[in-house]
Participant: 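I'd like to ask you about the structure that follows.
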Amino acid sequence: QVQLVESGGGLVQAGGSLRLSCAASGRTFSSYAMGWFRLAPGKEREFVAAITWRGGNTDYTNSVQGRFTISRDNAKNTVYLQMNSLLPEDTAVYYCAAAEKSSRWYVDYDYWGQGTQVTVSS
């Protein structure tokens, strides 16, 4: 089992920045690929970013490319999502998740955090 706890969400004005953190405990964190997803009211769960277990490869959905950066520190069992130039449409609950392989598909992820709310005001 892997337990994931997100933090760092909040209210920010458009153009601002936030950094989300996801702390992992349990089984070996460094062996898992990690992803961030988001869920906005009335919308489907959306892939945001993913990173391989060593951190050598990252993947982003088009709408956040160039604005968001996913990274990980395996020594701290933590994955991060740095979000810059935030837009109102980035408003959602953000979830981190762990998978055996990096993927854009939520069904490939075995473990999920409880989510953290990000609200971007215009």
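Small disclaimer: the values here were computed from a predicted structure and weren't measured.
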Participant: Quick check: do Val118 and Arg38 have side-chain heavy atoms less than 4.5 Å from each other?
Facilitator: no
Participant: Ignoring hydrogens, what is the shortest heavy-atom contact between Ala49 and Tyr60? Give both atom names and the distance.
Facilitator: CB-CD2, 3.6 Å
Participant: Does a salt bridge link Arg104 with Asp59, judged by any charged N lying under 4.0 Å from a carboxylate O?
Facilitator: yes
Participant: What pair of heavy atoms forms the shortest contact from Ser122 to Ala14, and how long is it?
Facilitator: CA-CB, 4.4 Å
Participant: Can you see which heavy atom on Asp108 is nearest to which on Ser103, and at what distance?
Facilitator: OD2-OG, 2.5 Å
Participant: Can you tell me how far CD of Gln82 sits from CG of Leu18, rounded to the nearest 0.5 angstrom?
Facilitator: 8.5 Å
Participant: Measuring from Asn57:CG to Thr52:OG1, what's the distance to the nearest 0.5 Å?
Facilitator: 4.5 Å
Participant: Donor-acceptor pair, distance only, cut-off 3.5 Å: does the side chain of Glu6 make one with the backbone of Cys96?
Facilitator: yes
Participant: How close do Tyr111 and Leu4 get, heavy atom to heavy atom, and via which atoms?
Facilitator: O-CD1, 3.5 Å
Participant: What about Val93 and Met83, same hydrophobic cluster or not, with Ile/Leu/Val/Met/Phe/Trp/Tyr joined at side-chain heavy-atom distances under 4.5 Å?
Facilitator: no
Participant: Rounded to the nearest 0.5 Å, what separates atom SG in Cys22 from atom CG in Asn77?
Facilitator: 10.0 Å
Participant: Can you tell if the side chain of Phe29 reaches within under 4.5 Å of the side chain of Met34, non-hydrogen atoms only?
Facilitator: yes
Participant: Do Arg45 and Tyr95 meet the cation-pi criteria used here (NZ or CZ under 6.0 Å from the six-membered ring centre, within 45° of the axis)?
Facilitator: no
Participant: To the nearest 0.5 Å, tell me how far Arg19 CZ sits from Thr69 OG1.
Facilitator: 11.5 Å
Participant: Leu39, Trp112: one ILVMFWY side-chain cluster at the under-4.5 Å cut-off?
Facilitator: yes
Participant: With distance as the sole test, does Thr58 use its side chain to make a donor-acceptor pair with the main-chain N or O of Ile51 at under 3.5 Å?
Facilitator: no
Participant: Please name the pair of heavy atoms, one in Gln114 and one in Val5, separated by the smallest distance, quoted to 0.1 Å.
Facilitator: OE1-CA, 3.7 Å
Participant: Would you find a donor on one side and an acceptor on the other, under 3.5 Å apart, between the side chain of Arg72 and the backbone of Gly55?
Facilitator: no
Participant: In terms of hydrophobic clustering (I, L, V, M, F, W, Y; side-chain heavy atoms under 4.5 Å; direct or indirect links), are Ile70 and Phe47 co-clustered?
Facilitator: no
Participant: Indicate the atoms forming the closest heavy-atom contact of Ser21 with Thr78, along with that distance.
Facilitator: CB-CG2, 4.2 Å
Participant: Measure centre to centre between the rings of Tyr109 and Phe37, then say whether the value is under 6.0 Å.
Facilitator: yes
Participant: Under a single-linkage definition using a 4.5 Å side-chain heavy-atom cutoff for Ile, Leu, Val, Met, Phe, Trp and Tyr, are Tyr106 and Val48 assigned to the same hydrophobic cluster?
Facilitator: no
Participant: Same cluster for Tyr80 and Val64 if Ile/Leu/Val/Met/Phe/Trp/Tyr side chains link at under 4.5 Å?
Facilitator: no
Participant: Quick check for you: to the nearest 0.5 Å, what is the distance between Asn74 atom CG and Tyr32 atom OH?
Facilitator: 13.0 Å
Participant: For the atom pair OG (Ser121) and CD (Gln13), what is the distance rounded to the nearest 0.5 Å?
Facilitator: 5.0 Å
Participant: Assess whether atom CD of Glu89 is packed by more than 12 heavy atoms of other residues, nucleotides or ligands within 6.0 Å.
Facilitator: yes
Participant: Stepwise, does the side chain to side chain contact (heavy atoms under 4.5 Å, CB included) test hold for Glu100 with Asp110?
Facilitator: CA-CA 8 Å; Glu100 292 187 1; Asp110 300 310; 4.0 Å; yes
